[in-house]
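All of these numbers come straight from a predicted model, not from anything done at the bench. The basis for the numbers below is simple: all heavy atoms, side chains too, and nothing from hydrogens, waters or symmetry mates.
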Amino acid sequence: MTAYRSALRYIAADLPPHRVRCRLDDIASAEPERRPATRPIARVDPDRGQVPLAGAGHPPPAMSDADGRTSLLPVPVGPPLATGLGGYEPATWRLDPGQTLLLFTDGLVEHRGEDIDQSLDRLVRVGFASAAGVEDVVDTAPARLDARHAENDVAVLAAQLHQHTPPGHEAQP
């Protein structure tokens, strides 16, 4: 994973997520010792309130609204990295203040012998508090899904936008 992380830092600065995926796949597939990997790539654009996403054999991200309802985002699934197959399609989602984008590894939701759809449904039913900050979301998801007994690695990343108040327009007491 360190090699993927290093390559990602090198190429991600100026490319949209699906192009980053293609470049990572090209680099990884040229190295025969590199193991295939799944990894979502998202770039949050706070000015536009948009999140372009690209997937590579990874569970779909989730979006929690201001009322704490969570749904999975239908992101086109591409092959794992290092396969040399390419074919990563972009999807762009709106991210408004009050919503939380949640990216996670399969270790958060998967249980041996359980259908992946059932596993993802458990995540959707977690029900995050409506005013939960990213720290609360990142703590709540693994706790409610019993991630300490996971059979695979667990990582959770949450992103939120905050209302921007232009200078001179702050609320007055």
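- Considering Leu72, Leu123, Leu73 in turn, Leu123 is the only one that fulfils the side-chain contact (heavy atoms from CB on, under 4.5 Å) rule with Leu102.
- Under the 4.5 Å side-chain heavy-atom criterion for grouping Ile, Leu, Val, Met, Phe, Trp and Tyr, Val124 is connected to Val156 within one hydrophobic cluster.
- Partners of Pro80 by side-chain contact (heavy atoms from CB on, under 4.5 Å), not counting sequence neighbours, listed by chain and number: Pro36, Thr38, Thr83.
- Within a 6.0 Å radius of CZ in Arg122, more than 12 heavy atoms belonging to other residues, nucleotides or ligands are found.
- The shortest heavy-atom contact between Gln99 and Arg94 is OE1-O, 3.6 Å.
- Nearest heavy-atom pair, Thr100 versus Ala158, reported as atom, atom and distance to 0.1 Å: CG2-CB, 4.0 Å.
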Hey, mind stepping through Val154 and Leu145 against side chain to side chain contact (heavy atoms under 4.5 Å, CB included) and telling me if it holds? CA-CA 11 Å; Val154 174; Leu145 296 171; over 6 Å; no
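- Hydrophobic clustering, with ILVMFWY side chains joined whenever heavy atoms are under 4.5 angstrom apart, keeps Leu157 apart from Val134.
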Evaluate the criterion side chain to side chain contact (heavy atoms under 4.5 Å, CB included) for residue pair Glu110 and Ile116; output intermediate values, then yes/no. CA-CA 6 Å; Glu110 284 184 342; Ile116 188 62; 3.6 Å; yes
Given Thr70 and Val126, is the side chain to side chain contact (heavy atoms under 4.5 Å, CB included) satisfied, shown in steps? CA-CA 8 Å; Thr70 303; Val126 164; 6.0 Å; no
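- Of all heavy-atom pairs between Gly133 and Gln160, the closest is CA-OE1, 3.7 Å.
- For Asp146, the side-chain contact (heavy atoms from CB on, under 4.5 Å) partners are Arg148, His149, not counting sequence neighbours.
- Scanning all heavy atoms of the two residues, the minimum distance from Val137 to Pro142 falls at O-CD, 4.3 Å.
- In this structure a side-chain-to-backbone donor-acceptor pair under 3.5 Å is missing from Arg43 to Pro17.
- Using a 4.5 Å cut-off on side-chain heavy atoms (C-beta onward), Val75 and Pro61 make contact.
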Please test Met63 against Leu95 for side chain to side chain contact (heavy atoms under 4.5 Å, CB included), starting from the C-alpha separation and ending with a verdict. CA-CA 9 Å; Met63 184 77 76; Leu95 180 61; 3.7 Å; yes
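- Closest of all the heavy-atom pairs between Arg144 and Gly127 is NH1-O, 3.1 Å.
- Without hydrogens or angle criteria, Asp67 side chain to Arg69 main chain gives no donor-acceptor distance under 3.5 Å.
- Note on Leu103: it does not cluster hydrophobically with Leu120, by side-chain heavy-atom contacts below 4.5 Å among ILVMFWY residues.
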Side chains of residues 44-51: which donor-acceptor pairs under 3.5 Å do they make with residues two or more places apart or in other chains?
unit_1: Asp45; atom_1: OD1; unit_2: Asp47; atom_2: N; d: 3.1
unit_1: Asp45; atom_1: OD1; unit_2: Arg48; atom_2: N; d: 3.2
unit_1: Asp45; atom_1: OD2; unit_2: Arg48; atom_2: NH1; d: 3.2

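- Judged by distance alone, the side chain of Asp25 and the main-chain N or O of Ala82 form a donor-acceptor pair under 3.5 Å.
- For the atom pair CG of Leu53 and CD1 of Ile41, the computed distance is 10.5 Å after rounding to the nearest 0.5 Å.
- In this structure, Leu81 is a member of the same hydrophobic cluster as Ile27, with clusters built from ILVMFWY side-chain heavy atoms closer than 4.5 Å.
- Separating the OG1 atom in Thr140 from the CD atom in Glu135 is a distance of 11.0 Å, to the nearest 0.5 Å.
- Scanning all heavy atoms of the two residues, the minimum distance from Pro59 to Phe104 falls at CB-CE1, 3.7 Å.
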